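Proteins get letters first, then strands, A, B, ... in listed order; numbering begins at 1 in each. Remember, predicted model here, so these are calculated numbers, not experimental data.
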Protein chains: 2
Amino acid sequence: MTPTAKSTPVLRVDKVSDARLRDLVGYQMKRAFNVVQADLIRTLKPFELRMLTYTALVLIADNPGLRQSQLADAMDIERPNLVVIIDELERRALINRDRVASDRRAFALMATLAGTHLAAAASKAVARHEHRLLGAMDQDTRETVIAAMTQIQQGQHGGTK
Amino acid sequence: MTPTAKSTPVLRVDKVSDARLRDLVGYQMKRAFNVVQADLIRTLKPFELRMLTYTALVLIADNPGLRQSQLADAMDIERPNLVVIIDELERRALINRDRVASDRRAFALMATLAGTHLAAAASKAVARHEHRLLGAMDQDTRETVIAAMTQIQQGQHGGTK
DNA sequence: TATTGTTATACTCTATAACTATA
DNA sequence: TATAGTTATAGAGTATAACAATA
C-alpha cells in the first residue's frame with residue numbers, strides 16, 4: 001500500500017519552502033527576536049521582572065529624576081502603557097514616584113536602594129543571557145547588527161543621520 | 001540658586017542615558033522590530049492581512065498540501081495559535097482545508113485562486129515596505145544581518161550547523 | 001489651549017492544559 | 001500510546017480615546 005503522490009489531489013510536503021519570506025529582514029528579525037525574547041523571559045523570571053519592567057527599572061536607576069513622559073519616550077511606548085509598569089515597580093518598592101515641585105502635573109522617578117540592587121543583579125543575568133545567545137557571533141558582526149538596528153530605528157523619524 | 005545635585009532630591013533629566021542597554025543586541029532588536037512591525041501593519045492593512053495571516057497565506061500558497069502542524073512548525077508558533085489564523089483565511093476563501101485521505105486526522109492546506117492573487121499583491125507591497133525601511137542599508141550589511149538573525153534562531157535548537 | 005498622568009478598552013501575539021478523533 | 005487539530009484561557013505588548021489636574 002505505497003501511496004504515490006500521483007493521483008491524490010493533495011501532496012505531502014516534505015520540506016516547507018519559505019523562498020518568498022526568507023530574504024525579508026523583517027521576517028528573520030521577528031523569528032530571531034522570538035528566540036531572544038523567550039530566553040530573556042526565562043532570564044528575568046527569577047527577579048520577577050519582564051522585558052519592560054527591567055528596561056524601565058534600569059533607565060530609572062540610571063536617570064534619577066526621570067519623568068514618566070520622558071521614560072515613555074525613551075522606551076518607545078505609549079504613556080498609558082507605562083503606567084502599569086511604574087505601578088508595579090512602585091508597589092514592589094523598587095522605585096519612588098515623587099511630585100515635581102516646579103510642575104505639579106509631573107512625577108519624578110527614582111530607584112530605591114532595593115531597586116538599584118535588583119537592577120544590578122538582573123543586568124548581570126542579562127549580560128550572561130546575551131553571551132549565551134550571541135557568544136558564537138564575532139564582535140564585528142555584533143556591531144554591524146547593532147548599527148543596522150539603530151539605523152532602522154532612525155529611519156522611522158525621517159533622519160538619515 | 002544653581003541647583004547642585006547634592007541637596008536636591010530630584011533632578012531634571014535633560015538627556016536620558018541608556019548606557020546599560022544600548023549595547024544589548026536584544027534591546028536594539030526589539031526597538032527596531034517595533035518600527036518594522038508598525039510599518040508592516042500599515043502595509044498589510046489594505047489587504048486586510050496581518051503579519052501572521054500574511055506569512056501563513058504565503059507559505060500555504062508556496063507549499064500546496066501543507067498540513068497545519070507543518071505550518072505551525074515553519075512559522076514557529078504553537079498549534080493552537082495557528083487555528084484562528086487558518087480559520088480566518090478559510091472564512092475569507094483564501095485557502096481550502098481538505099481532509100487528508102491517508103490520515104484523517106490531518107488537514108491539507110491549499111491556497112485558492114483568490115488567495116494566490118492576494119498573496120502576490122501583498123508580497124509586492126511588502127517588498128516596497130522592506131525597501132522603504134532598508135533602502136539605505138547596503139546589501140552586504142543586509143546579508144550580514146540576515147545571517148546573524150538566522151544564527152540566533154539556530155542557536156535555539158542547540159545546533160551550531 | 002497644551003501637557004502630564006490616568007482610566008478604560010481593544011486588538012494582537014504568545015503559551016499551556018485539556019479535549020476529540022484518529023492512528 | 002501517540003499525533004493532528006481544537007477549545008478555552010491567561011498573560012503580555014501595543015494602540016487609541018477620553019478624562020482630571022495643572023501649566
Nearest whole Å is fine: how far is dT4(C) C1' from E78(A) CD?
14 Å

With a 4.0 Å cutoff (strictly under), does any side-chain N or O of N34(B) reach OP1 or OP2 of dG13(D)?
no

Distance below 4.0 Å between Q37(B) side-chain N/O and dG13(D) OP1 or OP2:
no

T144(B): which residues meet the side-chain contact (heavy atoms from CB on, under 4.5 Å) condition with it, sequence neighbours left out?
T141(A), T144(A)

Do K30(A) and D76(B) meet the salt-bridge criterion of a basic N to acidic O distance under 4.0 Å?
no

Looking at F107(B), I'd like to know if the NZ or CZ of R99(B) sits under 6.0 Å from its six-membered ring centre while staying within 45 degrees of the ring's axis.
yes

Output one line per pair: protein atom, nucleotide atom from nucleotides 21-23 of chain C, and distance, for all N/O pairs under 3.5 Å.
{"residue": "dA23(C)", "atom": "OP1", "partner": "R104(B)", "partner atom": "N", "Å": "3.0"}

Using atom OH of Y54(A) as one end and atom P of dA12(D) as the other, report the distance to the nearest whole Å.
18 Å

Using the side-chain heavy atoms of I77(B), tell me which of these nucleotides is nearest: dT14(C), dG5(C), dA15(C).
dT14(C)

Any R97(B) side-chain N or O less than 4.0 Å from OP1/OP2 of dT6(D):
yes

For R92(B) and E48(B), indicate whether the former's side chain and the latter's backbone hold a donor-acceptor pair under 3.5 Å.
yes

Without decimals, in angstroms, what is the distance between F107(A) CZ and dT22(D) C1'?
12 Å

Please tell me which of the listed nucleotides, dG5(D), dT4(C), dC13(C), lies nearest to the side chain of R67(B)?
dG5(D)

Integer-rounded Å distance: dC13(C) C1' and L49(B) CG:
16 Å

Can you check whether L134(A)'s main-chain N or O pairs, donor with acceptor, with R142(A)'s side chain at less than 3.5 Å?
yes

Between Q153(B) (side chain) and M149(B) (backbone), is there a donor-acceptor pair under 3.5 Å?
yes

Using the closest heavy atom to pick a nucleotide of DNA chain D for each, name whichever of I41(B) or A106(B) lands nearer the 5' end.
A106(B)

Contacts of Q68(A) and T53(B) projected onto DNA chain C by closest heavy atom; the upstream (5') one is Q68(A)

So do E90(A) and N96(A) actually touch side chain to side chain, heavy atoms under 4.5 Å?
no

Starting at atom CZ of R31(B), determine the distance to atom C1' of dT14(D), rounded to an integer number of angstrom.
15 Å

Without decimals, in angstroms, what is the distance between L40(A) CG and dT14(C) P?
16 Å

Return the residues of residues 80-90 of chain A meeting this criterion: a heavy atom under 4.0 Å from some atom of DNA chain D. Order them by number, or give none.
P80(A), N81(A)

Nearest to the side chain of K30(B), which nucleotide is it out of dA4(D), dG13(D), dT6(D)?
dG13(D)

Test of understanding: with side-chain contact (heavy atoms from CB on, under 4.5 Å), list the residues that count as partners of E143(B), not counting sequence neighbours.
Q139(B)

In a table with atom names and distances, give each donor-acceptor pair under 3.5 Å that connects a side chain of residues 119-126 of chain B to protein atoms at least two apart or in another chain.
{"residue": "S123(B)", "atom": "OG", "partner": "Y54(B)", "partner atom": "OH", "Å": "3.0"}
{"residue": "S123(B)", "atom": "OG", "partner": "A119(B)", "partner atom": "O", "Å": "2.7"}

In whole angstroms, the gap separating P of dC13(C) from CG of L44(B) amounts to 10 Å

M75(B) atom CE is separated from dA15(C) atom C1', nearest whole Å, by 15 Å

Comparing R79(B) with M51(A), nearest DNA chain D nucleotide closer to 5' gives the residue R79(B)

How would you list all residue pairs meeting side chain to side chain donor-acceptor pair (under 3.5 Å) that involve residues 125-137 of chain B, not counting sequence neighbours?
D39(B)-H129(B), D39(B)-R132(B), T43(B)-R132(B)

Under 4.0 Å between a side-chain N/O of S69(A) and OP1 or OP2 of dT3(C), yes or no?
no

